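Down below is the structure, laid out as structure tokens.
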Amino acid sequence: MKRTKSEIKEKDQLDASPKRRRSSKSAVVEEDKAEGSGAEEAPVSPAKSKARGSADDRASHIRDVVKPFPLRDEFDYLKVISWNVNGLNALVSSKKHVLDQLIDNHAPDVMFLQETKIQEPMEGDYADLVPGYHAIFSSSTVKKGYSGTCVLLKKARLGLGSLVSDGASTPADTTVQAKKKPQQKKLSAFFGAPAPSSKEATADGALKTEAPQNILTDVIRVDRHFPDPADSTRNVCDGEGRIMTVELADCFLVGVYVPNSGEGLKRLDYRLNEWDPKFREHLCQLNARKPVILTGDLNVGHLDLDIHNPTAKHIAKQAGLTPEERQSFTTFVTGPFRDAFRHFYPDARGQFTYWSQRTFARPVNKGIRLDYFVVSQALLPPAVGGSDEGDVPTDEEKEAHRAVVDVSSWLQKDAADKKSLVGVYDSYILYEDTRGCSDHCPVVLCLAFR
């Protein structure tokens with residue numbers, strides 16, 4: 001039926017009204033969903049993401065500035081960094097400079113990597129991943145492109161013994177021990193033959209180098225598995241390449257990629273009833289021998305402070321954020337172990353280590369803290385206090401606190417020829433160094449030696 005000019009004008013005005021425009025847009029969205037355009041929300045640009053939500057919601061994404069404690073001359077430090085790289089091959093092929101700059105800027109003595117996603121035959125290709133570091137891998141054998149961990153040990157700072165092999169990665173199916181094999185002298189040794197150069201290898205494969213001048217501590221062994229506490233003949237989660245344990249003279253360093261509960265929480269039961277209790281017991285057994293420093297992607301957002309939207313309805317059904325997983329972690333860090341970062345910065349807001357790349361969450365800091373250092377309580381100094389408002393301690397408060405702690409406890413330890421571990425000095429998060437690379441950022445822990 002043909003419309004009159006007045007009817008056409010009235011319809012145009014109605015279509016132009018804000019209410020009608022909103023209704024039309026909603027109808028299109030509902031139509032797209034009905035046609036099966038996907039259950040997941042489409043990527044949102046940073047500008048649009050920032051504009052959405054209430055002022056209170058946006059305030060929860062504020063990140064307090066947390067500066068590392070100033071280092072003191074009385075101590076030597078062993079720096080440990082952990083980073084979920086989300087694919088080592090992708091990192092090396094396109095963004096190797098990010099890893100190189102991270103190591104140049106922060107000079108870790110030990111660096112743990114998670115989600116390397118490489119296979120055992122590829123490990124030799126990454127033996128010289130970082131110059132000056134010895135790389136040891138634990139790769140998944142149950143699935144390609146899955147899980148995998150690695151540890152990088154700084155040769156100039158750690159006594160590696162026979163761990164230092166000449167240009168080859170250590171096989172992944174053995175325990176690596178820093179114990180040299182007995183050697184039979186060659187005939188030339190009796191006739192004054194020159195000693196091998198600094199780049200020559202000895203008969204047992206250990207790299208012959210000049211005596212290091214700044215070795216801080218010795219590496220005794222490296223394990224790629226943890227035995228079932230109830231049955232020492234089997235390993236827990238074997239074949240997934242999830243754990244790397246470095247035994248030092250004074251402590252255990254454990255790097256781990258904890259199993260995710262998975263899509264639809266299909267692995268939640270395994271996480272709660274198999275992995276969590278057995279891993280806790282394993283760490284307690286280690287702790288009975290030496291202090292333990294655990295780090296890695298622990299796949300859990302513990303406190304509300306560690307989640308950008310803790311009150312959202314979907315949180316309780318999301319892997320790593322279920323009430324059961326969070327309670328299990330509470331059990332863990334209220335026993336003989338403590339969350340090192342929260343020990344020093346209990347009220348710091350917006351301290352996340354993971355952001356979804358699909359939703360452009362990092363620029364607006366909508367993240368989760370999934371990466372931790374959990375340490376034996378005996379290694380921690382008294383907690384640092386903040387202001388009356390419970391904010392992050394100021395630099396002046398931190399320096400004053402450190403001076404008191406050092407004089408009252410750590411400095412009382414007699415200095416010896418060989419330095420020994422006195423405690424955890426600090427723990428913090430590196431936000432800026434790996435932007436645009438992995439969906440995780442690195443975390444750091446400083447151990448003080450004297």
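Every value quoted in this text rests on a predicted model; they were computed, and no experiment measured them.
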(request) Before accepting this row, confirm whether a basic side-chain N of the pair Arg362/Asp439 lies closer than 4.0 Å to the acidic partner's carboxylate O. (result) no

(request) State whether the side chain of Tyr133 and the backbone N or O of Pro108 hold a donor-acceptor pair below 3.5 Å, judged by distance alone. (result) yes

(request) Indicate the atoms forming the closest heavy-atom contact of Phe279 with Leu294, along with that distance. (result) CZ-CD1, 3.7 Å

(message) Could you tell me if the side chain of Phe449 sits less than 4.5 Å from the side chain of Val422, heavy atoms only?
(response) no

(request) Go through the steps to decide whether Ile220 and Phe252 satisfy the test side chain to side chain contact (heavy atoms under 4.5 Å, CB included), and finish with yes or no. (result) CA-CA 10 Å; Ile220 298 174; Phe252 289 100; over 6 Å; no

(request) Take His225 and Asp238 through the test side-chain hydrogen bond (donor to acceptor under 3.5 Å, both in side chains) and record every step on the way to the result. (result) CA-CA 7 Å; His225 312 281; Asp238 206 17; 3.0 Å; yes

(request) Find the distance between CD1 (Ile293) and OG (Ser82) and round it off to the nearest 0.5 Å. (result) 13.0 Å

(request) Determine, for Tyr354 and Arg369, whether the Lys NZ or Arg CZ falls below 6.0 Å from the six-membered ring centre while staying within 45 degrees of the axis. (result) no

(message) Going by side-chain hydrogen bond (donor to acceptor under 3.5 Å, both in side chains), name the residues that satisfy it together with Asp433, two or more places apart in sequence or in a different chain.
(response) His106

(message) Just so I know, are the side chains of Arg326 and Ile307 near enough to count as touching, which here means a heavy-atom distance under 4.5 Å?
(response) yes

(message) How close do Gly301 and Ile368 get, counting heavy atoms only, and between which atoms?
(response) CA-CG2, 3.9 Å

(request) To the nearest 0.5 Å, tell me how far Asp371 CG sits from Asp297 CG. (result) 4.5 Å

(request) Please determine if Asp304 and Arg349 form a salt bridge, counting it only when a charged side-chain N lies under 4.0 Å from a carboxylate O. (result) no

(request) Please examine the side chains of Asp218 and Leu158, heavy atoms only from C-beta on, and report whether any two atoms are closer than 4.5 Å. (result) no

(message) Is it the case that the side chain of Ser140 and the backbone of Lys143 share a donor-acceptor pair, with hydrogens and angles ignored and the cut-off at 3.5 Å?
(response) yes

(message) In the structure I gave you, are the side-chain heavy atoms of Ile429 and Val444 within less than 4.5 Å of one another anywhere?
(response) no

(request) Any chance you could measure Leu248, atom CG, to Arg221, atom CZ, to the nearest 0.5 Å? (result) 13.0 Å

(request) Decide side-chain hydrogen bond (donor to acceptor under 3.5 Å, both in side chains) for Asp339 and His302; before the verdict, give the C-alpha distance in whole Å, the side-chain angles of both, and the deciding distance to 0.1 Å. (result) CA-CA 10 Å; Asp339 178 349; His302 181 212; 5.0 Å; no

(request) Report yes or no: does Asn287 contribute a side-chain atom to a donor-acceptor pair with the main-chain N or O of Leu283 at less than 3.5 Å? (result) no

(request) May I ask you to say whether Asp109 pairs ionically with Lys79, meaning some side-chain N is under 4.0 Å from a carboxylate O? (result) no

(message) I'd like to know if Glu432 pairs up with Arg435 as an ion pair, taking the criterion as any Lys NZ or Arg NE/NH1/NH2 lying under 4.0 Å from an Asp or Glu carboxylate oxygen.
(response) yes

(request) Check the pair Gln114, Val85 against side chain to side chain contact (heavy atoms under 4.5 Å, CB included), reporting the backbone distance first and the verdict last. (result) CA-CA 6 Å; Gln114 298 89 44; Val85 295; over 6 Å; no

(request) Quick one: closest heavy-atom pair of Ala319 and Glu325, and the distance? (result) C-OE1, 4.0 Å

(message) Any heavy-atom pair between the side chains of Cys237 and Tyr270 that's under 4.5 Å?
(response) yes

(message) Looking at Tyr77 and Arg72, would you say the former's side chain and the latter's main chain have a donor-acceptor pair under 3.5 Å?
(response) yes

(request) Would you check, one step at a time, whether the test salt bridge (Lys or Arg N to Asp or Glu O under 4.0 Å) holds for Glu274 with Arg234? (result) CA-CA 13 Å; Glu274 176 81 5; Arg234 65 177 292 267; 3.7 Å; yes

(request) Give a yes or no on whether the backbone of Val292 and the side-chain of Ser376 come within a donor-acceptor separation of less than 3.5 Å. (result) yes

(message) Using the rule given for ring-ring contact (aromatic ring centres under 6.0 Å, His included), can you reason through Tyr428 versus Phe69, listing the C-alpha separation, both sets of side-chain angles and the distance that settles it, and then say yes or no?
(response) CA-CA 9 Å; Tyr428 50 93; Phe69 287 102; 9.1 Å; no

(request) Look at the side chain of Lys278 and the backbone N and O of Phe226, then say whether any donor-acceptor pair between them is shorter than 3.5 Å. (result) no

(message) To check you understand the geometry: which heavy-atom pair defines the closest contact between Phe373 and Ser427, and what is its length?
(response) CD1-OG, 4.0 Å

(request) With rounding to the nearest 0.5 Å, note down the distance linking CZ in Phe352 to NE2 in His440. (result) 14.0 Å

(request) Decide yes or no on side-chain hydrogen bond (donor to acceptor under 3.5 Å, both in side chains) for Gln351 and Tyr431, but give the supporting numbers first. (result) CA-CA 9 Å; Gln351 307 300 307; Tyr431 294 94; 2.5 Å; yes

(message) I'd like to know if the side chain of Gln357 reaches the main chain of Cys437, judged simply by a donor and an acceptor atom lying under 3.5 Å from each other, with no hydrogens or angles considered.
(response) yes

(request) Start with the C-alpha distance between Val443 and Ile81, add both sets of side-chain angles, then the distance that settles side chain to side chain contact (heavy atoms under 4.5 Å, CB included), and finish with yes or no. (result) CA-CA 6 Å; Val443 292; Ile81 291 182; over 6 Å; no

(request) Sequence neighbours left out, what passes side-chain hydrogen bond (donor to acceptor under 3.5 Å, both in side chains) with Lys96? Give chain and number order. (result) Asp100

(request) Quick one: pull up CG in Asn84 and OG in Ser438 and give me the separation to the nearest 0.5 Å. (result) 5.0 Å

(request) Could you tell me whether Glu240 and Lys117 make a salt bridge, using a distance below 4.0 angstrom between a side-chain N and a carboxylate O? (result) no

(message) Counting C-beta onward and ignoring hydrogens, is there a side-chain heavy-atom pair between Gln285 and Pro229 closer than 4.5 Å?
(response) yes

(request) Give a yes or no on whether the backbone of Tyr372 and the side-chain of Thr295 come within a donor-acceptor separation of less than 3.5 Å. (result) yes

(message) Could you go through Leu102 and Met111, starting from their C-alpha distance and side-chain angles, then the distance that decides it, and tell me whether this counts as side chain to side chain contact (heavy atoms under 4.5 Å, CB included)?
(response) CA-CA 11 Å; Leu102 176 68; Met111 186 166 184; 3.3 Å; yes

(request) With the side chain counted from C-beta on, respond yes when Leu99 and Leu91 share a heavy-atom pair under 4.5 Å apart, and no when they do not. (result) yes

(request) Over all heavy atoms of both residues, which pair between Val66 and Ala348 is shortest? Give the atoms and the distance, please. (result) CG2-CB, 4.0 Å

(message) Before you tell me yes or no, could you show the steps for Arg280 and Ser328 under side-chain hydrogen bond (donor to acceptor under 3.5 Å, both in side chains), namely the whole-Å CA-CA distance, both residues' side-chain angles and the distance that decides it to 0.1 Å?
(response) CA-CA 10 Å; Arg280 282 198 300 267; Ser328 178; 3.0 Å; yes

(message) When you measure from the side chain of Arg157 to the backbone of Leu216, do you find a donor-acceptor pair of N or O atoms at a distance under 3.5 Å?
(response) no

(message) I'd like to check Ile118 versus Ser139 (side-chain heavy atoms, cut-off strictly below 4.5 Å). Are they in contact?
(response) yes

(request) Working to the nearest 0.5 Å, report the span between CD1 of Ile243 and OG1 of Thr149. (result) 8.0 Å

(request) Heavy atoms only: give me the nearest Ala135-Cys150 pair and the separation to one decimal. (result) CB-SG, 4.5 Å

(request) Please name the residue in the list Asn260, Val258, Thr322 that meets the side chain to side chain contact (heavy atoms under 4.5 Å, CB included) test with Arg271. (result) Val258

(request) Please answer whether the main-chain N or O of Asp228 pairs with a side-chain N or O of Asp231 as donor and acceptor at a distance below 3.5 Å. (result) no

